[in-house]
Asks: 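Please read through the structure below; I'll follow up with questions.
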Amino acid sequence: MLDKNGIAKRIAKEVKDGYYVNLGIGIPTLVANFVRDDINVEFQSENGVLGMGPFPFEGEEDADIINAGKQTITTLNGASFFDSATSFGMIRGKHVDLTILGAMEVSETGDIANWKIPGKMVKGMGGAMDLVASAENIIVAMMHTNRAGESKLLKKCSLPLTGVGCVTKIVTNLAVIEVTPKGFKLLERAPGVSVDEIKEATEGTLIVDGEVPEMTL
Amino acid sequence: MLDKNGIAKRIAKEVKDGYYVNLGIGIPTLVANFVRDDINVEFQSENGVLGMGPFPFEGEEDADIINAGKQTITTLNGASFFDSATSFGMIRGKHVDLTILGAMEVSETGDIANWKIPGKMVKGMGGAMDLVASAENIIVAMMHTNRAGESKLLKKCSLPLTGVGCVTKIVTNLAVIEVTPKGFKLLERAPGVSVDEIKEATEGTLIVDGEVPEMTL
Amino acid sequence: MISKKVADVKEAMKGIQDGMTFMLGGFGLCGIPENAITELVSSNIKDITCISNNAGVDDFGLGLLLHKHQIKKMISSYVGENEEFERQMLSGELEVELTPQGTLAEKCRAAQAGFPAFYTPAGYGTEVAEGKETREFNGKMYVLEEAFKADFAFVKAWKGDEAGNLIFKGTARNFNPCMCGAATITVAEVEELVPAGELDPNQIHIPGIFVQRIFQGENYEKRIEQRTVRPRN
Amino acid sequence: MISKKVADVKEAMKGIQDGMTFMLGGFGLCGIPENAITELVSSNIKDITCISNNAGVDDFGLGLLLHKHQIKKMISSYVGENEEFERQMLSGELEVELTPQGTLAEKCRAAQAGFPAFYTPAGYGTEVAEGKETREFNGKMYVLEEAFKADFAFVKAWKGDEAGNLIFKGTARNFNPCMCGAATITVAEVEELVPAGELDPNQIHIPGIFVQRIFQGENYEKRIEQRTVRPRN
């Protein structure tokens with residue numbers, strides 16, 4: 001079974017040379033720490049920066065230079081700043097190659113819910129609705145089940161949707177799953193996790209096709 | 001009767017303090033020469049400059065700094081450069097206060113034709129269609145009649161339209177005319193020109209209401 | 001040069017009235033018009049609608065207006081980080097219209113640039129699209145979104161000149177440029193106000209034509225929400 | 001940093017084919033991609049569609065491609081200043097789609113920013129709106145215009161870096177930024193190509209994400225169409 005860093009580490013393998021990547025808040029943010037350093041990747045943040053670098057050294061924080069998680073950041077050579085309309089032009093116009101974000105629920109048809117629990121938690125969708133409606137390559141990073149132990153990979157989302165039929169891949173603490181027209185296709189098992197355990201934790205249709213390899217990190 | 005400079009001079013009186021003004025090619029360009037220098041006005045050119053100044057001194061021309069007529073220009077303090085989409089955002093968004101342009105024909109309902117003579121002259125509309133569709137204050141600068149002596153102030157335009165019901169005022173070599181719901185209202189006569197001469201040269205409905213003053217320049 | 005300079009925040013805010021709709025720049029607490037917000041709080045203006053990506057935190061930014069119950073309605077994309085907001089929203093005291101962030105930016109830009117409406121894929125198939133026209137283009141579904149209408153836009157820039165030209169800094173740019181010229185009156189506050197002619201015309205982010213009033217701001221706190229740093233080896 | 005640098009114009013033009021649609025920046029002869037045009041001429045590519053505000057003059061800019069009959073169709077707003085163009089158009093040899101200038105710019109920007117279509121007032125009630133959907137918003141009529149689709153965009157900037165970031169100069173900016181990222185492949189030629197890190201991230205006009213290939217241009221003529229000067233007293 002993977003921890004949050006493990007999930008981020010596995011997702012980092014999906015990041016290819018030359019990709020512009022948008023990372024959501026939470027586990028996705030950790031992905032940047034595990035991207036191979038022999039490939040060239042640029043991170044975009046929807047609040048208006050391309051070419052993000054690591055956090056600043058203490059004392060060098062600049063209140064005017066933050067990421068979408070409101071964290072102080074630095075920029076690398078080749079970076080640029082721009083306004084919010086231009087930023088979402090990059091996203092909507094499919095110039096960003098890969099979007100990695102968290103989710104509360106994903107359905108077997110690729111629907112995603114991650115912005116609202118009616119009557120309880122209403123933080124807003126931020127840029128998530130634009131991201132999932134526009135990107136062609138969307139990876140969800142999340143735990144396979146919620147705190148109550150219920151599956152987050154469902155036949156149908158129960159929470160208000162963020163986007164419809166958009167998720168292409170899911171990496172959880174248990175598995176790597178591809179969203180196909182026929183349902184969740186199990187691609188890889190987390191170290192030490194059995195197919196049965198994954199079946200048990202997946203409410204939606206799980207397609208197990210032959211031998212399912214254990215993932216390598 | 002006015003010459004081209006006279007028309008420009010009369011139109012210059014319509015330019016008020018604090019106005020952003022877009023000047024078309026031809027007579028409208030001359031208007032800048034006659035604006036009172038005790039008022040503050042900024043000239044916008046749709047190719048991407050606000051705050052245009054006079055032509056450069058010989059030897060100081062810069063191929064990268066031109067107006068929409070492709071003439072080399074200079075800029076004044078407070079000027080800015082921007083792209084074409086932003087430029088037409090200023091125009092479409094009604095941030096430009098006054099548009100002055102030439103015309104081949106104007107109808108008594110404020111239609112304007114100035115971009116095409118089918119089968120003969122087809123230079124294109126350039127920015128004129130955006131300007132006339134967006135601006136609320138549009139003054140046409142033109143001769144009252146064409147080279148064949150035919151009126152350019154018509155009941156209905158015969159040439160392909162540039163815009164519909166958009167012209168608010170017309171200044172010609174003979175008169176200042178307001179476009180009203182009832183037709184062309186004669187506001188002022190050019191020096192030495194009689195009401196009858198203006199009537200004669202106007203094909204569309206001309207409204208003459210009481211004494212029509214001679215214009216002062 | 002048409003001067004947009006006004007003496008201070010008080011003169012800049014002339015004309016604000018109860019019930020008006022305001023746009024406020026900023027992302028989180030980054031690039032927010034601190035002086036305008038302070039003045040709105042002390043003006044006791046009420047029943048206002050605020051178009052702003054976020055709603056501040058409990059004791060800073062728009063949170064200050066929320067605490068005094070001056071805001072009737074918020075139009076935002078993300079309103080976490082603010083307990084009072086969540087309380088007012090869940091209790092029904094505060095009207096909230098949540099809008100995807102890119103749609104929010106473009107609804108401002110549409111107002112600025114004279115577009116009445118536009119089609120965006122964001123929100124299709126979700127409750128955001130309920131009651132809105134949807135339409136297919138090239139096999140993909142889009143939602144029709146209309147331009148905002150606002151009375152005042154309050155923005156914050158880094159440098160500005162008397163002609164109203166603005167230059168923003170870093171990610172404090174965010175929604176500020178999109179809101180300029182998107183309301184009847186745009187009020188810009190700047191960290192450094194210089195005479196016209198001192199800014200390079202080639203480096204202006206927002207030409208002065210989109211700004212009606214500009215003033216030299218003061219006492220910027222520029223609070224950091226998430227101070228994240230790394231150790232020096 | 002993702003490098004967009006290519007060795008020269010030949011490498012930058014790899015993949016161009018007969019029948020393709022190209023966007024070309026510039027207003028008149030100001031800010032046109034001179035190197036790309038020269039290469040298109042010598043490539044003998046044919047049946048191309050060009051989206052460009054103007055069509056050059058008889059012996060420069062796109063006029064060079066027209067003279068060799070390489071252009072099948074022009075999409076422009078203004079095509080005066082070019083006799084050969086007018087001859088080919090009136091004789092029917094050349095297909096021409098005249099588009100209002102602001103609409104032309106926005107059809108590029110829509111392609112760049114992922115908007116399938118937008119409503120504009122320009123051209124309503126004229127032959128430009130024939131066959132297009134029109135619609136009322138707030139008592140005013142608008143025309144629905146769709147985003148462009150193009151294979152390559154050729155733009156010219158003043159400075160650029162290896163990451164593809166661009167800075168334009170003066171009114172040579174014009175359509176160039178709007179076309180970046182509006183075609184499948186955007187090729188930028190620059191007067192000065194510098195290593196990544198040398199341009200101020202705050203002063204970039206077009207971020208490199210909108211550019212696929214960048215090269216150091218050469219031999220710029222930068223011809224002036226209307227040399228207007230004033231006397232020194």
Side-chain angles (χ1 to χ4, degrees), chain A residues 25 45-49 52 54-75 81-92 111-113 115-116 118-134 160-166, chain C residues 27-31 53-55 76-81 86 89-90 96 98-106 108-109 112 120-128 140-143 158 168-178 205-206 220-232:
Chain A
I25 297 168
S45 197
E46 63 266 30
N47 58 317
V49 55
M52 277 189 289
F55 295 143
F57 290 119
E58 185 146 10
E60 293 181 3
E61 314 92 275
D62 184 336
D64 291 331
I65 301 181
I66 64 169
N67 65 16
K70 282 100 175 180
Q71 298 172 310
T72 45
I73 55 156
T74 59
T75 56
F81 296 112
F82 35 85
D83 65 54
S84 301
T86 303
S87 183
F88 282 91
M90 291 176 189
I91 290 165
R92 204 184 302 100
D111 297 352
I112 176 172
W115 72 284
K116 186 179 184 179
K120 204 169 150 198
M121 188 286 287
V122 192
K123 296 202 178 298
M125 67 293 280
M129 280 196 183
D130 306 271
L131 282 159
V132 301
S134 307
L161 295 184
T162 308
V164 176
C166 50
Chain C
F27 183 96
L29 301 178
C30 181
N53 188 57
N54 310 90
S76 304
S77 87
Y78 188 80
V79 293
E81 271 91 76
E86 207 154 347
M89 174 171 55
L90 293 175
V96 178
L98 290 167
T99 302
Q101 195 174 140
T103 300
L104 189 77
E106 196 65 18
C108 294
R109 195 249 172 193
Q112 175 194 75
T120 179
Y124 175 73
T126 76
E127 61 181 56
V128 162
K140 187 176 168 122
M141 294 301 296
Y142 294 84
V143 183
W158 180 37
F168 303 89
K169 185 181 146 228
T171 56
R173 193 182 314 188
N174 56 63
F175 283 85
N176 285 297
C178 313
H205 292 142
I206 279 291
Y220 285 104
E221 178 178 336
K222 297 219 239 179
R223 195 186 291 189
I224 292 174
E225 275 183 83
Q226 305 285 340
R227 189 179 301 272
T228 45
V229 294
R230 70 185 141 137
R232 290 172 198 271

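Reminder, nothing fancy here: chain letters follow the sequence lines and each chain counts from 1.
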Asks: Determine the option with the most heavy-atom pairs under 4.5 angstrom with chain A, choosing from C:L29, C:I224, C:N174.
Replies: C:N174
Asks: A:K116 versus chain C, heavy atoms under 4.5 Å apart: side chain, backbone, both or neither?
Replies: side chain
Asks: Before you tell me yes or no, could you show the steps for C:T126 and A:W115 under side-chain contact (heavy atoms from CB on, under 4.5 Å), namely the whole-Å CA-CA distance, both residues' side-chain angles and the distance that decides it to 0.1 Å?
Replies: CA-CA 11 Å; C:T126 76; A:W115 72 284; 5.5 Å; no
Asks: Determine whether A:T72 and C:Q226 make a side-chain contact, defined as any pair of heavy atoms from C-beta on separated by less than 4.5 Å.
Replies: no
Asks: Side chain from CB out, backbone as N, CA, C, O: work out which of these in C:F175 comes under 4.5 Å of a heavy atom of chain A, or both, or neither.
Replies: both
Asks: Pick from A:I65, A:V49, A:I66: which one has the most heavy-atom pairs with chain C under 4.5 Å?
Replies: A:I66
Asks: What part of A:A68 gets within 4.5 angstrom of chain C, counting heavy atoms only: side chain, backbone, both, or neither?
Replies: both
Asks: What part of A:F88 gets within 4.5 angstrom of chain C, counting heavy atoms only: side chain, backbone, both, or neither?
Replies: side chain
Asks: So, using salt bridge (Lys or Arg N to Asp or Glu O under 4.0 Å) as the criterion, who are the partners of A:E60 when residues are at least two apart?
Replies: C:R232
Asks: With a 4.5 Å limit on heavy-atom distance, are the side chains of A:F57 and C:R230 in contact?
Replies: yes
Asks: With a 4.5 Å limit on heavy-atom distance, are the side chains of A:K70 and C:N54 in contact?
Replies: yes
Asks: Only pairs of heavy atoms separated by less than 4.5 Å count here; which of C:G31, C:P100, C:G80 has the most with chain A?
Replies: C:P100
Asks: For chain C, which of A:T162, A:V132, A:V122 has the most heavy-atom pairs under 4.5 Å?
Replies: A:V122
Asks: Do you know which of C:T120, C:N176, C:L104, C:T99 has the most heavy-atom pairs under 4.5 Å to chain A?
Replies: C:T99
Asks: Looking only at heavy atoms and a cut-off of under 4.5 Å, which of A:V164, A:N47, A:L161 has the most pairs with chain C?
Replies: A:N47
Asks: By a 4.5 Å heavy-atom criterion (distance strictly below it), what part of C:E86 contacts chain A: side chain, backbone, both, or neither?
Replies: side chain
Asks: Using salt bridge (Lys or Arg N to Asp or Glu O under 4.0 Å) as the criterion, list what pairs up with C:K222, not counting sequence neighbours.
Replies: A:D64, C:E191
Asks: So which of C:G102, C:A122, C:A105 has the largest heavy-atom pair count under 4.5 angstrom toward chain A?
Replies: C:G102
Asks: Which one, C:E106, C:M89, C:R109, leads in non-hydrogen pairs under 4.5 Å with chain A?
Replies: C:M89
Asks: So which of C:F168, C:Y124, C:Y78 has the biggest tally of heavy-atom pairs under 4.5 Å with chain A?
Replies: C:Y78
Asks: Quick check for you: among A:G119, A:G126, A:G127, A:S45, which has the greatest number of heavy-atom pairs under 4.5 Å with chain C?
Replies: A:G126
Asks: Under 4.5 Å from any heavy atom of chain C, what part of A:N67 do you find: side chain, backbone, both or neither?
Replies: backbone
Asks: Does the side chain of A:E46 reach to within under 4.5 Å of the side chain of C:Q101, using non-hydrogen atoms?
Replies: yes
Asks: Where do A:G48 and C:T171 come nearest, in terms of heavy atoms and distance?
Replies: O-CG2, 4.0 Å
